[in-house]
Protein chains: 2
Amino acid sequence: MNSPLEAARAAAIHAARAARARYRAGVVEPTAGRAPGMTQANMIALPREWAWDFLLYAQRNPKPCPVLDVIEAGSHATVLAEGADLRTDIPLYRVWRDGRLAGEVSDATALWAGQPDLVTFLIGCSFTFETPLQEAGIEVRHIAQGCNVPMYRTQRMRRPAGRLRGELVVSMRPVPADRVADAVSISGRFPSVHGAPVHVGDPAALGIADLARPDFGDPVEIHPGEVPVFWACGVTPQAAVMASGVPFAVTHAPGHMFITDVPDSTYHV
Amino acid sequence: MNSPLEAARAAAIHAARAARARYRAGVVEPTAGRAPGMTQANMIALPREWAWDFLLYAQRNPKPCPVLDVIEAGSHATVLAEGADLRTDIPLYRVWRDGRLAGEVSDATALWAGQPDLVTFLIGCSFTFETPLQEAGIEVRHIAQGCNVPMYRTQRMRRPAGRLRGELVVSMRPVPADRVADAVSISGRFPSVHGAPVHVGDPAALGIADLARPDFGDPVEIHPGEVPVFWACGVTPQAAVMASGVPFAVTHAPGHMFITDVPDSTYHV
(Lines give C-alpha, C1' and ligand atoms only; values in the text may rest on other atoms or scores of the structure.)
Protein backbone atom coordinates (compact mmCIF):
# COMPACT_ATOMS: atom_id res chain seq x y z
CA MET A 1 0.00 0.00 0.00
CA ASN A 2 1.41 3.38 -0.97
CA SER A 3 1.79 6.16 1.56
CA PRO A 4 -0.31 9.29 0.92
CA LEU A 5 2.89 11.13 -0.14
CA GLU A 6 3.82 8.41 -2.63
CA ALA A 7 0.27 8.40 -3.97
CA ALA A 8 0.36 12.19 -4.42
CA ARG A 9 3.69 11.98 -6.25
CA ALA A 10 2.42 9.24 -8.53
CA ALA A 11 -0.70 11.28 -9.29
CA ALA A 12 1.39 14.37 -10.14
CA ILE A 13 3.65 12.42 -12.50
CA HIS A 14 0.60 10.80 -14.03
CA ALA A 15 -0.91 14.27 -14.63
CA ALA A 16 2.32 15.46 -16.29
CA ARG A 17 2.43 12.42 -18.58
CA ALA A 18 -1.24 12.70 -19.41
CA ALA A 19 -0.79 16.38 -20.34
CA ARG A 20 2.17 15.58 -22.61
CA ALA A 21 0.18 12.79 -24.25
CA ARG A 22 -2.71 15.20 -24.92
CA TYR A 23 -0.36 17.74 -26.49
CA ARG A 24 1.27 15.01 -28.56
CA ALA A 25 -2.22 14.14 -29.79
CA GLY A 26 -2.76 17.74 -30.90
CA VAL A 27 -4.44 19.56 -27.98
CA VAL A 28 -3.39 23.23 -27.80
CA GLU A 29 -3.76 25.15 -24.52
CA PRO A 30 -1.71 27.33 -22.15
CA THR A 31 -0.16 25.11 -19.49
CA ALA A 32 -0.42 27.30 -16.36
CA GLY A 33 -2.20 25.33 -13.67
CA ARG A 34 -1.77 21.99 -15.49
CA ALA A 35 -0.07 19.15 -13.58
CA PRO A 36 0.24 21.23 -10.38
CA GLY A 37 3.50 20.70 -8.53
CA MET A 38 5.47 19.65 -11.62
CA THR A 39 8.17 21.87 -13.10
CA GLN A 40 7.37 23.49 -16.43
CA ALA A 41 10.02 24.65 -18.89
CA ASN A 42 10.55 27.08 -21.75
CA MET A 43 12.13 25.61 -24.88
CA ILE A 44 14.41 26.96 -27.59
CA ALA A 45 16.14 24.89 -30.27
CA LEU A 46 18.90 26.39 -32.41
CA PRO A 47 21.28 25.06 -35.08
CA ARG A 48 24.48 23.72 -33.51
CA GLU A 49 26.39 26.64 -34.96
CA TRP A 50 24.46 28.95 -32.57
CA ALA A 51 24.52 26.70 -29.50
CA TRP A 52 27.67 28.13 -27.89
CA ASP A 53 26.45 31.71 -28.23
CA PHE A 54 23.13 30.75 -26.69
CA LEU A 55 24.54 28.79 -23.75
CA LEU A 56 26.84 31.74 -23.07
CA TYR A 57 23.90 34.18 -23.33
CA ALA A 58 22.01 32.07 -20.80
CA GLN A 59 25.01 31.89 -18.45
CA ARG A 60 25.35 35.67 -18.60
CA ASN A 61 21.64 36.21 -18.00
CA PRO A 62 20.70 33.47 -15.54
CA LYS A 63 17.70 35.29 -14.09
CA PRO A 64 15.63 35.18 -17.33
CA CYS A 65 17.48 32.16 -18.82
CA PRO A 66 18.11 29.51 -16.12
CA VAL A 67 19.08 26.41 -18.11
CA LEU A 68 17.53 23.19 -16.77
CA ASP A 69 18.73 20.85 -19.52
CA VAL A 70 20.62 20.92 -22.82
CA ILE A 71 19.81 18.27 -25.41
CA GLU A 72 22.52 17.76 -27.98
CA ALA A 73 21.94 17.54 -31.71
CA GLY A 74 20.26 14.35 -32.84
CA SER A 75 18.28 13.79 -29.64
CA HIS A 76 14.75 14.85 -28.71
CA ALA A 77 14.76 13.29 -25.24
CA THR A 78 15.46 14.91 -21.88
CA VAL A 79 16.45 13.64 -18.46
CA LEU A 80 13.64 15.80 -17.06
CA ALA A 81 10.81 13.65 -18.45
CA GLU A 82 11.16 9.97 -19.25
CA GLY A 83 9.80 9.00 -22.64
CA ALA A 84 9.00 12.56 -23.69
CA ASP A 85 9.57 13.74 -27.26
CA LEU A 86 10.44 17.43 -27.43
CA ARG A 87 9.22 17.66 -31.03
CA THR A 88 5.62 16.81 -30.16
CA ASP A 89 4.97 17.10 -26.42
CA ILE A 90 4.68 20.89 -26.19
CA PRO A 91 1.18 22.18 -27.00
CA LEU A 92 2.29 24.89 -29.43
CA TYR A 93 5.59 25.76 -31.14
CA ARG A 94 6.83 28.89 -32.83
CA VAL A 95 9.11 28.85 -35.87
CA TRP A 96 11.51 31.73 -36.38
CA ARG A 97 13.33 32.64 -39.60
CA ASP A 98 15.79 35.54 -39.78
CA GLY A 99 14.52 36.86 -36.46
CA ARG A 100 10.88 36.96 -37.54
CA LEU A 101 7.99 34.79 -36.43
CA ALA A 102 7.33 32.51 -39.40
CA GLY A 103 4.50 30.42 -38.02
CA GLU A 104 3.06 28.29 -35.25
CA VAL A 105 2.66 24.50 -35.28
CA SER A 106 1.45 21.95 -32.76
CA ASP A 107 3.86 19.29 -34.04
CA ALA A 108 7.49 20.24 -34.77
CA THR A 109 8.66 16.90 -36.15
CA ALA A 110 9.03 18.24 -39.69
CA LEU A 111 11.06 21.21 -38.45
CA TRP A 112 13.58 18.93 -36.75
CA ALA A 113 13.69 16.72 -39.83
CA GLY A 114 14.60 19.74 -41.94
CA GLN A 115 17.31 20.92 -39.53
CA PRO A 116 18.74 17.80 -37.86
CA ASP A 117 21.54 19.62 -36.00
CA LEU A 118 19.21 21.49 -33.63
CA VAL A 119 20.50 21.77 -30.06
CA THR A 120 17.62 22.14 -27.59
CA PHE A 121 17.60 24.15 -24.37
CA LEU A 122 15.02 23.76 -21.62
CA ILE A 123 14.78 26.84 -19.41
CA GLY A 124 13.11 27.32 -16.05
CA CYS A 125 9.61 28.80 -15.93
CA SER A 126 7.90 30.84 -13.25
CA PHE A 127 4.84 28.57 -13.45
CA THR A 128 6.96 26.33 -11.20
CA PHE A 129 6.42 28.52 -8.13
CA GLU A 130 2.76 29.27 -8.82
CA THR A 131 1.69 26.20 -6.86
CA PRO A 132 3.61 27.38 -3.75
CA LEU A 133 2.14 30.88 -4.22
CA GLN A 134 -1.37 29.44 -4.31
CA GLU A 135 -0.66 27.19 -1.34
CA ALA A 136 0.26 30.37 0.58
CA GLY A 137 -3.13 31.84 -0.30
CA ILE A 138 -1.88 34.21 -3.02
CA GLU A 139 -4.27 34.01 -5.95
CA VAL A 140 -2.55 33.60 -9.33
CA ARG A 141 -4.83 35.75 -11.45
CA HIS A 142 -4.30 34.13 -14.87
CA ILE A 143 -5.06 30.71 -13.38
CA ALA A 144 -8.17 32.12 -11.68
CA GLN A 145 -9.25 33.71 -14.98
CA GLY A 146 -8.38 30.59 -16.98
CA CYS A 147 -6.12 32.43 -19.42
CA ASN A 148 -2.42 32.78 -20.27
CA VAL A 149 -0.03 34.83 -18.09
CA PRO A 150 0.60 38.38 -19.40
CA MET A 151 4.18 38.96 -20.62
CA TYR A 152 5.86 42.20 -21.65
CA ARG A 153 9.00 43.23 -23.50
CA THR A 154 10.97 45.76 -21.45
CA GLN A 155 13.62 48.35 -22.28
CA ARG A 156 16.20 46.54 -20.16
CA MET A 157 18.88 45.16 -22.49
CA ARG A 158 20.59 41.95 -21.35
CA ARG A 159 24.33 41.28 -21.39
CA PRO A 160 25.16 40.15 -24.95
CA ALA A 161 27.05 36.97 -25.90
CA GLY A 162 28.63 36.45 -29.29
CA ARG A 163 26.00 37.33 -31.89
CA LEU A 164 23.13 37.34 -29.37
CA ARG A 165 21.64 40.40 -27.72
CA GLY A 166 18.16 41.43 -26.69
CA GLU A 167 15.94 42.84 -23.99
CA LEU A 168 14.45 41.33 -20.86
CA VAL A 169 10.93 39.93 -21.10
CA VAL A 170 8.90 39.79 -17.88
CA SER A 171 5.77 38.03 -16.71
CA MET A 172 3.34 39.94 -14.46
CA ARG A 173 1.14 38.81 -11.60
CA PRO A 174 -0.98 41.25 -9.58
CA VAL A 175 -0.40 40.72 -5.85
CA PRO A 176 -2.19 42.39 -2.90
CA ALA A 177 0.13 44.99 -1.38
CA ASP A 178 0.23 43.15 1.93
CA ARG A 179 1.29 39.87 0.24
CA VAL A 180 4.07 41.25 -2.00
CA ALA A 181 6.73 40.40 0.59
CA ASP A 182 5.42 36.83 0.81
CA ALA A 183 5.41 36.50 -2.99
CA VAL A 184 9.03 37.70 -3.05
CA SER A 185 10.10 35.27 -0.31
CA ILE A 186 8.31 32.28 -1.79
CA SER A 187 9.51 32.77 -5.37
CA GLY A 188 13.00 33.69 -4.14
CA ARG A 189 13.40 30.14 -2.86
CA PHE A 190 13.32 28.94 -6.49
CA PRO A 191 16.32 30.68 -8.09
CA SER A 192 16.58 28.12 -10.94
CA VAL A 193 13.13 29.01 -12.20
CA HIS A 194 13.56 32.83 -12.23
CA GLY A 195 13.48 33.27 -8.44
CA ALA A 196 12.43 36.55 -6.84
CA PRO A 197 10.80 39.33 -8.89
CA VAL A 198 12.99 41.73 -10.87
CA HIS A 199 10.62 44.67 -10.35
CA VAL A 200 7.65 45.54 -8.12
CA GLY A 201 5.17 48.23 -9.22
CA ASP A 202 5.90 51.12 -11.62
CA PRO A 203 5.56 49.41 -15.04
CA ALA A 204 6.58 52.65 -16.81
CA ALA A 205 10.09 52.32 -15.37
CA LEU A 206 10.44 49.05 -17.29
CA GLY A 207 9.16 50.71 -20.46
CA ILE A 208 5.73 49.07 -20.26
CA ALA A 209 3.16 51.60 -21.52
CA ASP A 210 -0.07 49.70 -20.88
CA LEU A 211 -0.51 46.61 -18.70
CA ALA A 212 -3.78 45.89 -20.51
CA ARG A 213 -1.85 45.22 -23.73
CA PRO A 214 0.77 42.54 -23.07
CA ASP A 215 3.25 41.64 -25.82
CA PHE A 216 2.60 37.93 -25.22
CA GLY A 217 -0.20 36.05 -23.45
CA ASP A 218 -3.42 37.60 -22.16
CA PRO A 219 -4.23 40.67 -20.06
CA VAL A 220 -5.49 40.01 -16.52
CA GLU A 221 -7.54 42.08 -14.09
CA ILE A 222 -5.72 44.10 -11.46
CA HIS A 223 -7.93 44.63 -8.41
CA PRO A 224 -7.86 47.70 -6.16
CA GLY A 225 -5.08 47.35 -3.61
CA GLU A 226 -3.00 45.09 -5.85
CA VAL A 227 0.48 45.85 -7.14
CA PRO A 228 1.84 44.53 -10.46
CA VAL A 229 4.82 42.27 -9.70
CA PHE A 230 7.25 41.40 -12.51
CA TRP A 231 9.34 38.26 -12.81
CA ALA A 232 12.08 37.55 -15.37
CA CYS A 233 10.54 35.41 -18.11
CA GLY A 234 11.81 32.52 -20.21
CA VAL A 235 10.44 34.20 -23.33
CA THR A 236 13.57 36.40 -23.12
CA PRO A 237 15.39 34.01 -25.52
CA GLN A 238 12.68 34.66 -28.12
CA ALA A 239 13.33 38.39 -27.77
CA ALA A 240 17.02 37.64 -28.43
CA VAL A 241 16.07 35.63 -31.53
CA MET A 242 14.17 38.68 -32.81
CA ALA A 243 16.73 41.33 -31.84
CA SER A 244 19.66 39.32 -33.20
CA GLY A 245 18.11 38.15 -36.46
CA VAL A 246 18.82 34.48 -35.72
CA PRO A 247 18.40 32.64 -39.06
CA PHE A 248 16.43 29.68 -37.68
CA ALA A 249 14.95 28.70 -34.33
CA VAL A 250 12.11 26.67 -32.90
CA THR A 251 10.63 27.68 -29.54
CA HIS A 252 7.57 26.98 -27.45
CA ALA A 253 4.75 29.50 -27.90
CA PRO A 254 4.61 31.82 -24.87
CA GLY A 255 2.66 30.23 -22.02
CA HIS A 256 2.59 26.85 -23.79
CA MET A 257 5.31 25.10 -21.85
CA PHE A 258 7.01 21.73 -21.68
CA ILE A 259 5.70 19.91 -18.59
CA THR A 260 8.37 17.77 -16.93
CA ASP A 261 8.28 14.87 -14.47
CA VAL A 262 10.36 16.89 -11.98
CA PRO A 263 8.58 18.05 -8.80
CA ASP A 264 8.79 21.80 -8.07
CA SER A 265 10.51 20.95 -4.79
CA THR A 266 13.62 19.86 -6.73
CA TYR A 267 14.33 23.52 -7.49
CA HIS A 268 13.60 24.73 -3.96
CA VAL A 269 16.72 25.92 -2.09
CA MET B 1 31.68 62.05 4.15
CA ASN B 2 31.10 58.35 3.51
CA SER B 3 28.59 56.36 5.50
CA PRO B 4 30.02 53.49 7.58
CA LEU B 5 28.52 51.03 5.06
CA GLU B 6 30.15 52.79 2.12
CA ALA B 7 33.45 52.89 3.98
CA ALA B 8 33.24 49.14 4.71
CA ARG B 9 32.49 48.41 1.04
CA ALA B 10 35.39 50.54 -0.11
CA ALA B 11 37.70 48.80 2.35
CA ALA B 12 36.59 45.34 1.14
CA ILE B 13 37.19 46.24 -2.52
CA HIS B 14 40.52 47.76 -1.56
CA ALA B 15 41.48 44.50 0.18
CA ALA B 16 40.52 42.48 -2.91
CA ARG B 17 42.56 44.71 -5.20
CA ALA B 18 45.52 44.71 -2.85
CA ALA B 19 45.45 40.89 -2.70
CA ARG B 20 45.37 40.62 -6.51
CA ALA B 21 48.26 43.09 -6.76
CA ARG B 22 50.29 40.99 -4.30
CA TYR B 23 49.64 37.82 -6.29
CA ARG B 24 50.51 39.63 -9.51
CA ALA B 25 53.80 40.57 -7.86
CA GLY B 26 54.51 36.91 -7.10
CA VAL B 27 53.15 36.23 -3.60
CA VAL B 28 51.85 32.64 -3.26
CA GLU B 29 49.35 31.78 -0.49
CA PRO B 30 45.96 30.08 -0.03
CA THR B 31 43.25 32.73 -0.25
CA ALA B 32 40.76 31.55 2.43
CA GLY B 33 40.13 34.42 4.81
CA ARG B 34 41.66 37.04 2.47
CA ALA B 35 39.50 40.04 1.53
CA PRO B 36 36.61 38.91 3.77
CA GLY B 37 33.19 39.49 2.27
CA MET B 38 34.40 39.37 -1.34
CA THR B 39 33.49 36.49 -3.65
CA GLN B 40 36.31 34.12 -4.57
CA ALA B 41 36.33 31.98 -7.70
CA ASN B 42 37.81 28.81 -9.12
CA MET B 43 39.37 29.13 -12.59
CA ILE B 44 39.78 26.77 -15.53
CA ALA B 45 40.97 27.77 -19.01
CA LEU B 46 40.62 25.38 -21.94
CA PRO B 47 41.28 25.58 -25.68
CA ARG B 48 38.22 26.88 -27.54
CA GLU B 49 37.71 23.44 -29.04
CA TRP B 50 36.84 22.16 -25.52
CA ALA B 51 34.77 25.14 -24.38
CA TRP B 52 31.34 23.82 -25.39
CA ASP B 53 31.91 20.48 -23.68
CA PHE B 54 33.01 22.26 -20.52
CA LEU B 55 30.14 24.76 -20.40
CA LEU B 56 27.76 21.84 -20.90
CA TYR B 57 29.52 19.83 -18.16
CA ALA B 58 29.10 22.79 -15.82
CA GLN B 59 25.43 23.22 -16.74
CA ARG B 60 24.82 19.53 -16.04
CA ASN B 61 26.67 19.68 -12.74
CA PRO B 62 25.78 23.09 -11.32
CA LYS B 63 26.37 22.17 -7.69
CA PRO B 64 30.15 21.65 -8.08
CA CYS B 65 30.49 23.86 -11.21
CA PRO B 66 28.41 27.05 -10.81
CA VAL B 67 29.69 29.32 -13.60
CA LEU B 68 30.09 32.96 -12.53
CA ASP B 69 31.71 34.26 -15.72
CA VAL B 70 32.98 33.02 -19.08
CA ILE B 71 35.81 34.93 -20.75
CA GLU B 72 36.08 34.35 -24.46
CA ALA B 73 39.30 33.58 -26.30
CA GLY B 74 41.66 36.53 -26.58
CA SER B 75 40.58 38.22 -23.35
CA HIS B 76 42.01 37.94 -19.83
CA ALA B 77 39.59 40.40 -18.22
CA THR B 78 36.38 39.69 -16.30
CA VAL B 79 33.32 41.72 -15.38
CA LEU B 80 33.78 40.42 -11.82
CA ALA B 81 36.94 42.47 -11.11
CA GLU B 82 37.80 45.70 -12.87
CA GLY B 83 41.37 45.87 -14.12
CA ALA B 84 42.19 42.29 -13.15
CA ASP B 85 44.37 40.09 -15.38
CA LEU B 86 43.45 36.42 -15.10
CA ARG B 87 46.93 35.36 -16.26
CA THR B 88 48.70 36.89 -13.25
CA ASP B 89 46.25 37.74 -10.46
CA ILE B 90 45.76 34.24 -9.04
CA PRO B 91 48.45 33.26 -6.53
CA LEU B 92 49.21 29.85 -8.05
CA TYR B 93 48.27 28.11 -11.31
CA ARG B 94 48.35 24.49 -12.37
CA VAL B 95 49.19 23.39 -15.91
CA TRP B 96 47.65 20.18 -17.22
CA ARG B 97 48.79 18.19 -20.25
CA ASP B 98 46.98 15.04 -21.41
CA GLY B 99 45.11 14.88 -18.11
CA ARG B 100 48.25 14.97 -15.98
CA LEU B 101 49.54 17.73 -13.74
CA ALA B 102 52.52 19.15 -15.65
CA GLY B 103 53.57 21.91 -13.27
CA GLU B 104 52.66 24.90 -11.14
CA VAL B 105 53.46 28.54 -11.90
CA SER B 106 52.65 31.83 -10.20
CA ASP B 107 52.43 33.68 -13.54
CA ALA B 108 50.52 32.10 -16.43
CA THR B 109 51.26 34.74 -19.07
CA ALA B 110 53.52 32.42 -21.07
CA LEU B 111 50.89 29.67 -21.03
CA TRP B 112 48.29 31.98 -22.58
CA ALA B 113 50.85 33.22 -25.10
CA GLY B 114 51.47 29.63 -26.19
CA GLN B 115 47.74 28.82 -26.48
CA PRO B 116 45.97 32.05 -27.45
CA ASP B 117 42.52 30.47 -27.95
CA LEU B 118 41.98 29.66 -24.27
CA VAL B 119 38.42 30.22 -23.04
CA THR B 120 38.35 30.94 -19.31
CA PHE B 121 35.67 29.92 -16.82
CA LEU B 122 35.30 31.40 -13.34
CA ILE B 123 33.38 29.12 -11.00
CA GLY B 124 31.85 29.82 -7.61
CA CYS B 125 33.81 28.91 -4.48
CA SER B 126 32.61 27.94 -1.03
CA PHE B 127 35.02 30.45 0.52
CA THR B 128 32.25 32.93 -0.37
CA PHE B 129 30.00 31.77 2.47
CA GLU B 130 32.77 31.35 5.03
CA THR B 131 32.36 34.96 6.16
CA PRO B 132 28.63 34.44 6.88
CA LEU B 133 29.47 31.17 8.69
CA GLN B 134 31.98 32.99 10.88
CA GLU B 135 29.56 35.85 11.48
CA ALA B 136 27.11 33.25 12.80
CA GLY B 137 29.76 32.05 15.25
CA ILE B 138 30.69 28.87 13.35
CA GLU B 139 34.47 28.56 13.36
CA VAL B 140 35.98 27.79 9.96
CA ARG B 141 38.76 25.46 11.01
CA HIS B 142 41.23 25.98 8.14
CA ILE B 143 41.03 29.74 8.64
CA ALA B 144 41.55 29.29 12.40
CA GLN B 145 44.53 27.01 11.69
CA GLY B 146 45.90 29.31 8.97
CA CYS B 147 46.05 26.58 6.34
CA ASN B 148 44.28 25.52 3.15
CA VAL B 149 40.83 23.86 3.19
CA PRO B 150 40.95 20.03 2.93
CA MET B 151 39.51 18.66 -0.33
CA TYR B 152 38.77 15.07 -1.31
CA ARG B 153 38.03 13.16 -4.49
CA THR B 154 34.88 11.06 -4.05
CA GLN B 155 33.48 8.01 -5.82
CA ARG B 156 30.45 9.98 -7.02
CA MET B 157 30.67 10.28 -10.80
CA ARG B 158 29.13 13.42 -12.32
CA ARG B 159 26.84 13.55 -15.35
CA PRO B 160 29.16 13.53 -18.41
CA ALA B 161 29.08 16.05 -21.28
CA GLY B 162 30.70 15.38 -24.63
CA ARG B 163 34.24 14.18 -23.94
CA LEU B 164 34.17 15.24 -20.28
CA ARG B 165 33.48 12.99 -17.33
CA GLY B 166 34.79 12.75 -13.80
CA GLU B 167 34.00 12.46 -10.13
CA LEU B 168 32.78 14.97 -7.57
CA VAL B 169 35.40 16.71 -5.44
CA VAL B 170 34.29 18.00 -2.04
CA SER B 171 35.65 20.42 0.53
CA MET B 172 35.25 19.55 4.22
CA ARG B 173 34.64 21.72 7.27
CA PRO B 174 34.16 20.24 10.75
CA VAL B 175 31.04 21.70 12.38
CA PRO B 176 29.74 21.17 15.94
CA ALA B 177 26.76 18.81 15.82
CA ASP B 178 24.44 21.48 17.19
CA ARG B 179 25.47 23.98 14.48
CA VAL B 180 25.19 21.68 11.42
CA ALA B 181 21.64 22.85 10.73
CA ASP B 182 22.79 26.48 10.84
CA ALA B 183 25.71 25.75 8.51
CA VAL B 184 23.27 24.10 6.07
CA SER B 185 20.84 27.03 6.21
CA ILE B 186 23.50 29.71 5.84
CA SER B 187 25.37 28.09 2.95
CA GLY B 188 22.08 27.09 1.31
CA ARG B 189 21.32 30.77 0.77
CA PHE B 190 24.27 30.91 -1.65
CA PRO B 191 23.32 28.42 -4.38
CA SER B 192 25.65 30.03 -6.98
CA VAL B 193 28.70 29.27 -4.87
CA HIS B 194 27.95 25.57 -4.15
CA GLY B 195 25.08 26.22 -1.73
CA ALA B 196 24.11 23.70 0.93
CA PRO B 197 26.33 20.68 1.72
CA VAL B 198 26.11 17.57 -0.43
CA HIS B 199 26.86 15.23 2.49
CA VAL B 200 26.96 15.41 6.30
CA GLY B 201 29.03 12.89 8.27
CA ASP B 202 30.00 9.37 7.11
CA PRO B 203 33.01 10.09 4.86
CA ALA B 204 33.28 6.39 3.94
CA ALA B 205 29.98 6.63 2.05
CA LEU B 206 31.65 9.16 -0.27
CA GLY B 207 34.64 6.87 -0.72
CA ILE B 208 36.91 8.93 1.54
CA ALA B 209 39.16 6.53 3.43
CA ASP B 210 41.01 8.94 5.72
CA LEU B 211 40.05 12.54 6.48
CA ALA B 212 43.61 13.17 7.67
CA ARG B 213 44.89 12.65 4.13
CA PRO B 214 43.07 15.04 1.79
CA ASP B 215 43.68 14.79 -1.95
CA PHE B 216 44.12 18.57 -2.15
CA GLY B 217 44.83 21.23 0.49
CA ASP B 218 45.71 20.54 4.12
CA PRO B 219 44.24 18.30 6.83
CA VAL B 220 42.46 20.09 9.69
CA GLU B 221 41.67 19.06 13.26
CA ILE B 222 38.25 17.63 14.02
CA HIS B 223 37.29 18.27 17.64
CA PRO B 224 35.14 15.96 19.78
CA GLY B 225 31.47 16.65 19.09
CA GLU B 226 32.13 17.90 15.56
CA VAL B 227 30.78 16.35 12.38
CA PRO B 228 32.59 16.50 9.02
CA VAL B 229 30.41 18.46 6.59
CA PHE B 230 31.09 18.18 2.85
CA TRP B 231 30.38 20.81 0.21
CA ALA B 232 30.65 20.41 -3.58
CA CYS B 233 33.99 21.89 -4.63
CA GLY B 234 35.15 23.89 -7.64
CA VAL B 235 38.16 21.60 -7.99
CA THR B 236 35.70 19.15 -9.61
CA PRO B 237 36.66 20.52 -13.08
CA GLN B 238 40.28 19.54 -12.39
CA ALA B 239 39.11 16.00 -11.64
CA ALA B 240 37.34 16.04 -15.02
CA VAL B 241 40.56 17.21 -16.71
CA MET B 242 42.35 14.21 -15.18
CA ALA B 243 39.62 11.63 -15.79
CA SER B 244 39.03 12.77 -19.37
CA GLY B 245 42.65 13.17 -20.47
CA VAL B 246 42.12 16.78 -21.59
CA PRO B 247 45.15 17.65 -23.77
CA PHE B 248 45.76 21.11 -22.28
CA ALA B 249 44.30 23.18 -19.46
CA VAL B 250 45.31 25.89 -17.03
CA THR B 251 43.58 26.05 -13.64
CA HIS B 252 44.06 27.71 -10.28
CA ALA B 253 45.89 25.57 -7.72
CA PRO B 254 43.37 24.21 -5.17
CA GLY B 255 42.68 26.79 -2.44
CA HIS B 256 44.50 29.51 -4.38
CA MET B 257 41.53 31.36 -5.78
CA PHE B 258 40.74 34.38 -7.90
CA ILE B 259 39.49 37.15 -5.59
CA THR B 260 36.80 39.29 -7.22
CA ASP B 261 35.38 42.75 -6.49
CA VAL B 262 31.90 41.25 -6.03
CA PRO B 263 30.48 41.25 -2.48
CA ASP B 264 29.30 37.87 -1.15
CA SER B 265 25.84 39.36 -0.75
CA THR B 266 25.45 39.44 -4.55
CA TYR B 267 25.09 35.65 -4.52
CA HIS B 268 22.73 35.56 -1.54
CA VAL B 269 19.17 34.55 -2.44
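Chain identifiers are assigned alphabetically (A, B, ...) following the order of the sequence lines, protein sequences preceding nucleic acid strands; residue numbering begins at 1 within each chain.
Annotation: B/Arg179, atom CZ; neighbour count of heavy atoms from other residues, nucleotides and ligands within 6.0 Å is above 12.
Annotation: residues 116-140 of chain B contacts chain A through B/Val119, B/Phe121 [non-hydrogen atoms, separation under 4.5 Å]. Within residues 151-174 of chain B, the residues having any heavy atom closer than 4.5 Å to a heavy atom of chain A are B/Arg159, B/Gly162, listed by residue number. The stretch residues 257-269 of chain A places A/Val269 near chain B, each with some heavy atom under 4.5 Å from a heavy atom of that chain.
When all heavy atoms of B/Val70 and A/Gln59 are compared, the pair lying nearest together is CG2-OE1, 3.6 Å.
Contact count against chain B (heavy-atom pairs under 4.5 Å) is highest for A/Ala51 among A/Ala51, A/Gly188, A/Gly195, A/Ala196.
Residues passing the salt bridge (charged side-chain N to carboxylate O under 4.0 Å, His left out) test with A/Arg60, sequence neighbours excluded: B/Glu72.
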